[in-house]
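If you read the sequence from its start, that first residue is 1, and numbering goes on from there. Just follow the structure's listing: the first ligand is 1, and inside any ligand the first atom is 1.
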Amino acid sequence: MIVSKFGGSSVADASQIQKVKKIIESNSQRRIIVVSAPGKRNNNDEKITDLLYRCNDEVKNGFGAKSFKIIRERYTEICKNLGLDEMSEILDEVESGIESRKGPDYAASRGEYLSARMLSSFFKAEFIDTAEVIRLTDDGRVEESSYKALNDRIKGTGKYILPGFYGSNSKGEIKTFSRGGSDITGAIAARAIEADVYENWTDVSGLLMSDPRLIDNPGVVTELTYKEIRELASIGANVFHEEAITPVKDYNIPINIRNTNRPEDDGTMIVTNRDTSQFPIVGISGKTGYRNIFIEKLMMNRYPGFREKLLVLLNQNNIFPEFESTGFDSISFLAPLNQFERGRVVIETIKEKLQPELIELRPSLSLIGVVGSGLPEQIGVAADVFTALKNENINVRFINYGGSDITLIIGVDTDFYLDALKAIHNIFGEN
Ligand code: ASP
């Protein structure tokens with residue numbers, strides 16, 4: 001069996017939903033369908049989920065859920081264009097639920113709920129409310145019992161449709177995942193039935209090698225591992241919700257990212273292992289806006305707990321380093337620029353408490369992450385990266401490799417960020 005999850009753009013309007021129907025009908029194994037709430041139809045449009053959060057705020061501020069009118073119109077129009085009965089009663093019920101102050105999670109979850117209710121008759125699929133089967137712990141993890149509960153509900157031979165994005169807590173209240181969390185629901189469903197494939201249908205033909213806003217026409221990555229996609233998420237590439245990996249990974253269920261608008265494309269496969277000989281690298285991604293705090297103290301190793309004390313002082317001033325590099329007599333931490341509001345204060349405090357020889361806040365840095373299992377498996381991949389930078393006269397200011405052996409992080413001055421990305425993309429870009 002295949003679990004097919006359709007994101008907000010795939011269910012944004014009736015014509016998109018017609019495409020989804022075709023996709024489902026073209027393979028009888030596609031029996032478990034997970035849907036998001038309708039997303040944006042164009043750049044000026046609003047996502048249903050955003051409108052629902054707004055309704056909740058309106059109620060909280062005593063205005064009544066004024067924006068619910070837009071939501072109602074949107075679903076009514078979709079129903080009409082699909083030839084379905086209007087769902088005024090269900091819409092009334094949801095509106096009064098929001099009006100009765102059930103809170104943001106309840107309100108936000110209704111986008112998916114309404115999608116699934118609406119589409120169950122259109123796809124001739126049985127509706128399963130995920131609030132009844134997916135139980136979340138108080139700290140937001142999925143209870144093991146959810147998988148069995150869901151599996152027990154999928155015993156027939158027909159199709160099933162599930163709303164994404166939410167479950168319920170031990171008190172039976174609705175709890176949503178973080179934004180984009182319908183991916184997680186799809187992964188839970190895939191694990192519950194031990195699906196052959198978890199298809200994640202979106203509006204791109206898979207994961208791209210580089211950010212298309214920065215690089216012209218980057219190629220699609222045909223295959224990458226769970227570990228590689230996690231690493232890509234950590235440096236800012238996000239097509240797939242990072243928490244959605246866990247449920248499927250242990251069961252080796254491949255994830256296939258596909259394009260609803262181009263179902264003929266194979267998309268990207270996320271798997272356990274891959275052969276890296278042809279494509280050592282799967283992604284080049286980056287983030288601008290880091291700052292380097294550099295500290296030197298002679299015989300640093302003679303001062304037990306020096307590093308820990310530094311970290312405490314930084315944390316106390318809202319600086320949470322994401323990368324660090326330690327030398328014999330020096331240490332350097334990299335943290336997002338916007339955490340340095342109290343930069344001067346923290347420097348003075350560190351000077352006073354730890355008496356370093358030197359402490360400096362260095363100019364803004366941009367980080368580039370090069371991710372691929374080919375890095376540890378092949379000789380010369382990192383050398384190629386540095387040669388590409390050398391050929392463009394780009395100075396390397398920071399390197400981090402080994403914390404994860406499949407990610408090489410390189411810091412460059414922000415002025416050279418784009419050139420550096422391009423230079424590295426040019427050597428590995430075609431996958
Ligand atoms: N509708 C939710 C959101 O906009 C969840 C999802 O689409 O995955 O974040």
Review point. So, Ser146 side chain and Arg135 main chain: donor-acceptor pair closer than 3.5 Å or not?
Key: yes

Throw together a table of side-chain donor-acceptor distances under 3.5 angstrom for residues 33-43, partners on residues two or more places apart or in other chains.
residue, atom, partner, partner atom, Å
Ser36, OG, Ser182, OG, 3.3
Arg41, NE, Asp45, OD2, 2.6
Arg41, NH2, Asp45, OD1, 3.1
Arg41, NH2, Asp45, OD2, 3.3
Asn42, OD1, Asn44, N, 3.0
Asn42, OD1, Asp45, N, 3.0

Check your understanding: If we ignore angles and hydrogens, is there a donor and acceptor under 3.5 Å between the side chains of Ser373 and Glu228?
Key -> yes

Revision key, fill the gap. Applied to residues 165-213, the ring-ring contact (aromatic ring centres under 6.0 Å, His included) test, sequence neighbours excluded, yields Phe6-Trp201

May I have every N or O pair linking ligand 1 to the protein at under 3.5 Å, one per line with atom names and distance?
residue, atom, partner, partner atom, Å
ligand 1, 1 (N), Thr49, OG1, 2.7
ligand 1, 1 (N), Glu112, OE2, 2.7
ligand 1, 4 (O), Lys47, NZ, 3.1
ligand 1, 4 (O), Thr49, OG1, 3.4
ligand 1, 4 (O), Arg179, NH2, 2.9
ligand 1, 7 (O), Ser36, OG, 3.1
ligand 1, 8 (O), Gly180, O, 3.3
ligand 1, 8 (O), Gly181, N, 3.4
ligand 1, 8 (O), Ser182, N, 2.9
ligand 1, 8 (O), Ser182, OG, 3.1
ligand 1, 9 (O), Arg179, NE, 2.7
ligand 1, 9 (O), Gly180, N, 2.8

Check your understanding: Which residue pairs pass the ring-ring contact (aromatic ring centres under 6.0 Å, His included) test with at least one member in residues 119-154, sequence neighbours excluded?
Key -> Tyr113-Phe127

Practice item. Determine whether the side chains of Gln16 and Asn261 contain a donor N or O and an acceptor N or O closer than 3.5 Å. Key: yes

